[in-house]
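Here's the structure we're looking at; comments come further down.
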Amino acid sequence: MKKEIMKIGLAVASLLFAISCSDFDDINVKPNAFTSDEVSAKYFVTETQIRLYAPDRFPYWRAQLIHWDRFAGQFCFGFNGSWWTDGLGYSYDSGYTDAAYDYLSGYVSSLSAFMNFVGEGGELENQNYYAIGLIMKGLYYQTYTDVFGMVPYSEALNPEIITPAYDTQAAIYQGVIAELDEAMTIIGDASATGEGVELLAENDLFFGGDLQQWKKLANSLKLRMALRAQGAPGADFATAAINEALAGDLLVADTDNALMEKDTEISQWSNAAYGDVWHNFGVGSNWTVGKTLVDYLQANNDPRLPMYAQPIDGGEVVFTEPVEGEGVALFGKHVDFILEQLDNAGVSYTRVDGTNGDGLATVTIDVATDTPYYVGQPTRLNGLIYTHVKEALFSRPAPIIINAKNQGNDIFPEIVFTAAEGNFLQAEAIVKGLATGDAQTFYQEGIRQAMRIWNVDDAAIETFISTENMALLDGSADENLEKISIQRWIAAFTDGAEAWAIVRDSGYPSELAAGVSDYDLYSAGTLNGAYPQRMRYGTNAYNTNGPNTEAANAAQGADMQGTTLWFAQ
C-alpha cells in the first residue's frame, strides 16, 4: 500500500509541477492548476520527502555515494576493477561537485512550491501541512548548509527574488531553529492534519501522518543543530535552544524512528537506492566498506558488523610488480600494506613470493571456516596502489544495503532521524555540562536503538552493553565525548552527510579527521592530505548568482574543500 501511495504522490505532484512550472514565478504566487477539491496537499508531502531523501540515481550516486559516504570514511572505491581510485572526491572535479550542488540547491524549488501551496492564502492552505513544510525545510537546510556553508536562505523562497543573497551559517541555524519552534507551536496537541481529503495518513512516509511524531522530529533536529552550533562564533542562541529542546519530547523510543522505506518498484529516475548503482554498471561501480568503520565494529565485538558488511571472498590473489613507473620501487611497501590490513583483521593466510625476481606474491586465504573474515578498506588510497587493492580481500556492504529493486529482497530504509540520535544527543549535552541527568543511561539506550534498526537480536545488544568497554562512559569528559561521537557516527551509517558532519564537528573518529600524509599510499588530492571540510559551490552558483556567490566566498573563506565551516571552528 505504501508503495502505491508513493507512486500516486509522485504522479500527482509531477503532473502539477509539470503544468505549473512553465512559469515558476506563477507557481509560487498562484498555483491554480488544481483546486483543493481535486488534490490534497498530502500528495505533495510524499513528493517533498522523496525528493530530499531518495532523489534520482544521478545525484544519489554523485552526491551521497561519491562524496558524503566516502568523506565519512564508511564507503570506499579504489579496488582493482573499480572505475576510480579512492582519491575521487578529494580532488575537485566540477562534473561530480555540480551534481551534488544542483541536487541540494535545486530542492528549494520543490520546497518553495509546497510551502506556497499550503501556506496562508495558498491554494491548499493548511497550517498543519505548513508546519510539516517548516520541518522539512529544517531538515533540508541543515544538510545544505553543513555541506556548503553559506547558502541562500532568508531570500531563497521569495519568488520575487531571482538572485538571493547567501546567509551565514549562524543566521541559517538560528533561523531554522526559530522555524522549528513555529512548527511545534502550530502543531500543538494536534495528532492529525485534518479530516477527509486533508488527512495525511499513509502519504507521510516518515510517520504515517502522526503530527506528534513530527513535533518530536522538529525538537530533536533543534537539539542536534543547537548542540552543533554551541561553541561556534556568534552562537549565543544555542544554549537556550538546547535547554528548550531538552524540556520537550524527543525521538527516543523504538516507535520514534524516522526511517523512509525504500521503494522497490519506482524508477531509479524518480526514486533511487544504492542498488541502482551497484547492479546497473558491473563491478566498476561497486564499493567496499571503510577500514575505520569495520575496525571499530570488530575491535568492540559490535553485533552490527554482519549487518553492515559482508565477509571477504578470500581465495587466491596474485600481486604483480609493475614493469615501470613509481609503483616499481613501491611494490614491496604496497603488498606489505595490504597484508597488514589482513593481519590487523585477524585473517589467516599464506604468502608465497615469486622466484628469480619475477615480481610476484601469491596470497591464499582459506575461507572455508566457521569464522568469517571482515576487512575494511583503508580510506583514500591513491592510484599508485590501485592494482594491488584486490576486491576479494575487502568487505562489501551487506546485501540489505545494495539489494536490487524488484527482486523481493529487503532494502534498508533511508535514515531521516533516529531514536538513537535522540538519546545520544542527550548524553552529549549532559557530558558537556549543558544538562543534568545520567549520561550513561541515555548513551546505552542510544546504542540499543541504533542496533535495533539493523535488526540486531536483543540478547546480543544486552551482551554488548554489559561486556564491552565501548558501552561505558567511564572516562574523562573528553573520552566520553569521543565515545558518544563514535557511536553517533556508527549509527549514521548510510546517512553520509550526517556522518561526515559528525566527524567535522567532533573531530572523531580522529584517524579520519587527521587526514593523510603518506602519499605513497594515500591521495593528497587538492587538499594536500587534509580532511575535507566542505564541498565547493557548483558551476550554476556562479552562472546564475555569481556576485552573491563571490560575496559568500569573501565572508566565509575561499571556495575550497579545505575551508573550515562555522560550526566546526
Side-chain angles (χ1 to χ4, degrees), residues 62-78 84-98 100-101 143-151 169 228 231-233 287 290-293 295-296 326 330 337 376-386 389 478 481-482 485-486 488-489 492 496-538 541 552-569:
R62 295 196 171 206
Q64 283 98 313
L65 182 55
I66 287 179
H67 288 103
W68 309 333
D69 289 330
R70 294 175 54 258
F71 291 167
Q74 296 183 340
F75 289 148
C76 297
F77 293 132
W84 308 284
T85 73
D86 205 43
L88 179 69
Y90 298 93
S91 294
Y92 170 70
D93 185 309
S94 62
Y96 297 117
T97 295
D98 284 358
Y101 181 80
T143 299
Y144 190 15
T145 188
D146 283 359
V147 170
F148 295 104
M150 292 179 65
V151 294
Q169 281 204 291
R228 185 159 293 160
W287 59 94
K291 170 183 170 59
T292 305
L293 180 61
D295 284 358
Y296 269 108
E326 296 177 75
L330 294 172
F337 175 79
Q377 181 180 319
T379 296
R380 205 166 162 175
L381 296 179
N382 64 26
L384 294 174
I385 196 173
Y386 169 85
V389 186
D478 286 345
L481 287 173
E482 178 178 1
S485 297
I486 294 296
R488 287 184 63 205
W489 172 78
E498 183 59 24
W500 176 34
I502 290 168
V503 179
R504 289 176 288 157
D505 181 37
S506 70
Y508 299 112
S510 56
E511 53 267 49
L512 293 175
V516 297
S517 58
D518 187 342
Y519 303 140
D520 290 345
L521 304 171
Y522 300 101
S523 174
T526 52
L527 295 162
N528 294 321
Y531 187 70
Q533 296 295 318
R534 63 182 291 270
M535 288 188 68
R536 291 173 61 165
Y537 296 124
N553 294 335
Q556 176 173 265
D559 188 11
M560 303 294 291
Q561 289 175 301
T563 296
T564 301
L565 297 183
W566 166 80
F567 71 81
Q569 294 177 5

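What you see is a predicted model; the values in this text were computed from it and never measured.
The nearest pair of heavy atoms linking Arg70 to Thr379 is O-CG2, 4.2 Å. Taking both residues in full, the closest heavy atoms of Thr97 and Met535 are given as CA-CE, 4.0 Å, listed atom of the first, atom of the second, then distance. Taking each heavy atom of Trp500 and Ala72 in turn, the nearest pair found is N-CB, 3.8 Å. Considering all non-hydrogen atoms of both residues, Ala501 and Asp146 come closest at CB-OD2, 4.2 Å. When all heavy atoms are compared, the tightest approach of Leu565 to Gly149 is CD2-CA, 3.6 Å. Heavy-atom minimum distance, Ala497 versus Thr143: CB-CG2, 4.0 Å.
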Derivation and outcome, side chain to side chain contact (heavy atoms under 4.5 Å, CB included), residues Thr292 and Gln74: CA-CA 7 Å; Thr292 305; Gln74 296 183 340; over 6 Å; no

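Using a 4.5 Å heavy-atom threshold, the side chains of Phe337 and Asp518 count as separate. Here the side chains of Val151 and Gln169 are not in contact, with every heavy-atom distance at 4.5 Å or above. Put simply, the side chain of Tyr508 does not reach to within 4.5 Å of the side chain of Val503, judged on heavy atoms. Residues Tyr522 and Tyr90 fail the side-chain proximity criterion, which asks for heavy atoms closer than 4.5 Å. The closest side-chain heavy-atom distance from Glu326 to Asp520 is not below 4.5 Å.
The structure places CZ of Phe567 at 6.0 Å from CZ of Arg228, a figure rounded to the nearest 0.5 Å.
Under the ring-ring contact (aromatic ring centres under 6.0 Å, His included) criterion, Trp489 pairs with no residue at all, not counting sequence neighbours. Remark: Asp295 engages Lys291 in a side-chain contact (heavy atoms from CB on, under 4.5 Å) (not counting sequence neighbours). For the ring-ring contact (aromatic ring centres under 6.0 Å, His included) test, residues two or more places apart in sequence or in another chain that qualify with Tyr101 are Phe148. Under the rule for a ring-ring contact (aromatic ring centres under 6.0 Å, His included), the partners of Phe75 that lie at least two apart in sequence or sit in another chain are Tyr274, Trp287, Phe493. Scanning for salt bridge (charged side-chain N to carboxylate O under 4.0 Å, His left out) contacts around Asp98 gives an empty result, with sequence neighbours left out.
Within the structure, side chain to side chain donor-acceptor pair (under 3.5 Å) pairs that include any residue of residues 560-569 comprise Thr526-Gln561 (at least two apart or interchain).
Taking the six-membered ring for Trp and the full ring otherwise, the centers of Phe71 and Tyr531 sit at least 6.0 Å from each other.
Formation of a donor-acceptor pair under 3.5 Å by the Asp86 side chain with backbone atoms of Phe77 is found in this model. Within the 3.5 Å criterion, the main-chain N or O of Met150 finds a donor-acceptor partner in the side chain of Gln556. The backbone N or O of Leu88 lies less than 3.5 Å from no partner atom in the side chain of Asp93, so there is not a single donor-acceptor pair.
Remark: of the listed residues Ile385, Leu384, Val516, Leu330, Ile385 is the sole one forming a side-chain contact (heavy atoms from CB on, under 4.5 Å) with Leu521. The only option from Gln533, Met560, Arg380 that meets the side-chain contact (heavy atoms from CB on, under 4.5 Å) definition with Leu527 turns out to be Arg380.
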